[in-house]
Amino acid sequence: MGRKSSKKKIRDVVAEQPTVAKPKKETRAEVIIDNTNATKAGLIISAILFALCFLLYGNTFGHRFVLDDHGIIVNNKMTKAPVSWENTKLMFNTPMRRGDVSDKENSLYRPFTKLIFNVEWNMFGGNPHKFHVVNVLFYGLLCVLIFWVLYDLFAATRADKQKKWVLPFLITLLFTVHPIHTEVVANIKSLDEILAMIGMVAAVRAIQLYLKTNKVSHLAWGTLVYLLGLFSKESAVVGMGILPFLVYYHEGKIDVKKILIACAPFLVVAVIFVLTRHFVLGQFPQSAETSIMDNLIVKVKDNIPMRFATAIMIVGFYIYTFFYPHPLACDYSYATLEPVSPGHWAFLISFLILVGGLVFAIKELKNRSRISF
């Protein structure tokens with residue numbers, strides 16, 4: 001009787017305990033619907049950003065060739081030649097300005113950009129208006145790529161996994177409409193800048209997709225686009241430094257194997273580009289020194305402290321124009337800025353901002369802060 005009574009008490013106590021509902025598992029159909037809705041929202045936002053580029057820069061469609069457009073496009077025999085395998089090989093084996101009436105400057109190697117101009121010249125018959133349309137098309141593509149990269153970067157921290165588009169959209173919107181990008185889009189020659197950044201952003205996007213799906217095909221297309229970005233402008237090389245950090249931020253730990261697998265293809269093509277550039281330009285020794293008209297640092301090239309201070313000041317000036325883009329100019333070299341000494345206030349402020357940013361990035365590295373990234 002006592003044993004039965006004890007069992008009954010136990011059952012009563014258990015019965016009184018609040019039941020905890022098990023979390024409902026999402027069905028495959030629900031996941032597919034969520035992903036489909038998210039994709040639709042992303043495509044709508046992408047279309048808005050792309051259309052905005054045309055609304056903003058449609059006024060350039062009636063513009064002409066200016067500045068460096070003449071030496072690289074209008075007066076360049078290679079650019080104006082019929083598209084052919086032989087002419088393409090020539091462009092990839094010579095400096096960018098080769099073919100111009102004045103081609104003494106042999107420090108630039110951007111053959112893919114020149115090839116694009118060659119194709120455009122033959123397609124459009126030298127009509128500058130259509131060149132401007134192509135620039136806006138590529139800029140629109142860049143803005144869309146940036147949006148998807150930012151969405152994945154910020155969404156990765158959300159436990160609820162809901163699709164939040166607001167922050168990535170606002171950041172990309174700021175990039176799209178910012179006046180500081182006006183010259184890059186409005187100047188035909190500056191297509192090299194856009195293509196180089198497309199290469200870097202595409203590399204980031206490809207690694208993001210690879211880390212999510214483990215499909216090597218994403219690394220394949222990303223590597224190809226990054227390679228084209230490298231051959232569009234040399235500055236794309238620095239994008240290589242971003243990629244290992246991207247893997248760490250995504251994985252939440254230092255996974256050496258994953259970093260090597262994800263980054264190796266991009267490193268290989270970066271090395272190929274650097275060696276190719278060195279070999280090609282090595283055949284064309286610089287016949288003239290860089291002019292002070294092109295680079296004001298030449299004015300203090302033998303004064304290492306002033307050279308360093310001036311370079312840091314220029315970076316600080318770019319940060320300043322980001323927050324206050326007025327007045328803007330197409331060239332900030334000779335007679336626009338002047339070299340400064342290490343004691344100058346412009347250097348000191350710029351230096352402190354850059355060091356502060358670096359300290360913050362390192363400090364927040366272990367916390368995987370997206371802002372530090």
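If you read the sequence from its start, that first residue is 1, and numbering goes on from there.
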Give a yes or no answer on whether the side chain of [X] reaches the backbone of [Y] with a donor-acceptor pair at less than 3.5 Å.
X    : Y    : result
N93  : V280 : no
N367 : S369 : no
K114 : M96  : yes
N135 : H132 : no
H63  : A186 : no
N118 : A81  : yes
H181 : T176 : no
H70  : N75  : no
T321 : Y324 : no
T79  : F117 : no

Y139: which residues meet the ring pair (Phe, Tyr, Trp, His ring centres under 6.0 Å) condition with it, sequence neighbours left out?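 With neighbours one apart ignored, the set is Y57.
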Linking I/L/V/M/F/W/Y whenever any side-chain heavy atoms sit under 4.5 Å apart, do [X] and [Y] land together?
X    : Y    : result
L137 : V184 : yes
L211 : L145 : yes
L174 : F169 : no
I180 : L173 : no
I272 : F266 : no

Could you tell me which residues satisfy side chain to side chain donor-acceptor pair (under 3.5 Å) with T88, sequence neighbours excluded, listed by chain and number?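 T88: no side chain to side chain donor-acceptor pair (under 3.5 Å) contacts found.
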Measuring from atom [atom1] of [X] to atom [atom2] of [Y], what distance do you get when rounded to the nearest 0.5 angstrom?
X    : Y    : atom1 : atom2 : value
D69  : S190 : CG    : OG    : 8.0 Å
F245 : S372 : CZ    : OG    : 9.5 Å
M78  : N76  : CE    : CG    : 6.5 Å
R368 : E251 : CZ    : CD    : 8.5 Å
T336 : F317 : OG1   : CZ    : 8.0 Å
L219 : I261 : CG    : CD1   : 9.0 Å

Closest approach of [X] and [Y], non-hydrogen atoms and distance?
X    : Y    : result
T113 : L195 : OG1-CD1, 4.0 Å
P305 : N303 : CD-OD1, 3.2 Å
A202 : V225 : CB-CG1, 3.5 Å
G241 : P244 : O-CD, 3.7 Å
H178 : F322 : NE2-O, 2.7 Å
C263 : V247 : SG-CG2, 4.2 Å

For F65 and F131: C-alpha separation, side-chain torsions, deciding distance, then whether ring-ring contact (aromatic ring centres under 6.0 Å, His included) applies. CA-CA 9 Å; F65 293 110; F131 279 75; 5.3 Å; yes
If you look only at pairs with a residue in [range], which of them pass as a salt bridge (charged side-chain N to carboxylate O under 4.0 Å, His left out), with sequence neighbours excluded?
range            : value
residues 177-191 : K189-D192
residues 263-276 : none
residues 350-366 : none
residues 345-360 : none

CA sep, side-chain torsions, deciding dist, call: L246, Q208, side-chain contact (heavy atoms from CB on, under 4.5 Å): CA-CA 8 Å; L246 176 67; Q208 283 181 327; 4.3 Å; yes
Residues that V271 engages under side chain to side chain contact (heavy atoms under 4.5 Å, CB included), provided they are two or more places apart: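 With neighbours one apart ignored, the set is L267, L275.
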Taking side chain to side chain contact (heavy atoms under 4.5 Å, CB included) as the definition, give me every residue that meets it alongside L348, ordered by chain and number, with sequence neighbours left out.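 Residues passing side chain to side chain contact (heavy atoms under 4.5 Å, CB included) with L348: none at all.
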Does D152 pair with R205 as a salt bridge, N-O distance under 4.0 Å?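 Salt bridge present between D152 and R205.
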Can we say D302 and R307 salt-bridge, meaning some charged N sits less than 4.0 Å from an Asp/Glu carboxylate O?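 Answer for the salt bridge query: no.
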Under 3.5 Å donor-acceptor pairs involving side-chain atoms of residues 44-53, not counting sequence neighbours:
from, atom 1, to, atom 2, distance (Å)
S46, OG, G42, O, 2.8
S46, OG, W148, NE1, 3.0

Without placing hydrogens or testing angles, list every side-chain donor-acceptor pair under 3.5 Å for residues 338-347, not counting sequence neighbours.
from, atom 1, to, atom 2, distance (Å)
E338, OE1, K299, NZ, 3.2
H344, ND1, A346, N, 3.0

Check the pair L90, K77 against side-chain contact (heavy atoms from CB on, under 4.5 Å), reporting the backbone distance first and the verdict last. CA-CA 11 Å; L90 191 59; K77 296 176 182 177; over 6 Å; no
Tell me the ring pair (Phe, Tyr, Trp, His ring centres under 6.0 Å) pairs involving residues 353-373, sequence neighbours left out?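 Qualifying pairs, neighbours excluded: Y249-F373.
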For the residue pair H218 and W221, does the interplanar ring angle fall in the parallel (under 30°), tilted (30 to 60°) or perpendicular (over 60°) class?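 The arrangement is perpendicular - the two ring planes meet at more than 60°.
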Taking everything shown except [X] itself, do over 12 heavy atoms lie less than 6.0 Å from its [atom1]?
X    : atom1 : value
Y332 : OH    : yes
F124 : CZ    : yes
Y248 : OH    : yes

Show me the donor-acceptor pairs within less than 3.5 Å that the side chains of residues 230-238 make with the rest of the protein, sequence neighbours left out.
from, atom 1, to, atom 2, distance (Å)
S232, OG, L228, O, 2.6
K233, NZ, E193, OE1, 3.2
K233, NZ, E193, OE2, 2.3
E234, OE1, R110, NE, 2.9
E234, OE1, R110, NH2, 3.4
E234, OE2, Y109, N, 2.8
E234, OE2, R277, NE, 3.3

D68/R97 under salt bridge (charged side-chain N to carboxylate O under 4.0 Å, His left out): CA gap, chis, key distance, verdict: CA-CA 10 Å; D68 287 340; R97 294 189 185 276; 3.8 Å; yes
Are Y210 and K215 packed together at the side-chain level, in the sense that at least one heavy-atom pair is separated by less than 4.5 angstrom?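 Sidechains of K215 and Y210: no contact.
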Between V315 and S350, is there a side-chain heavy-atom distance shorter than 4.5 Å?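 No, side chains not in contact.
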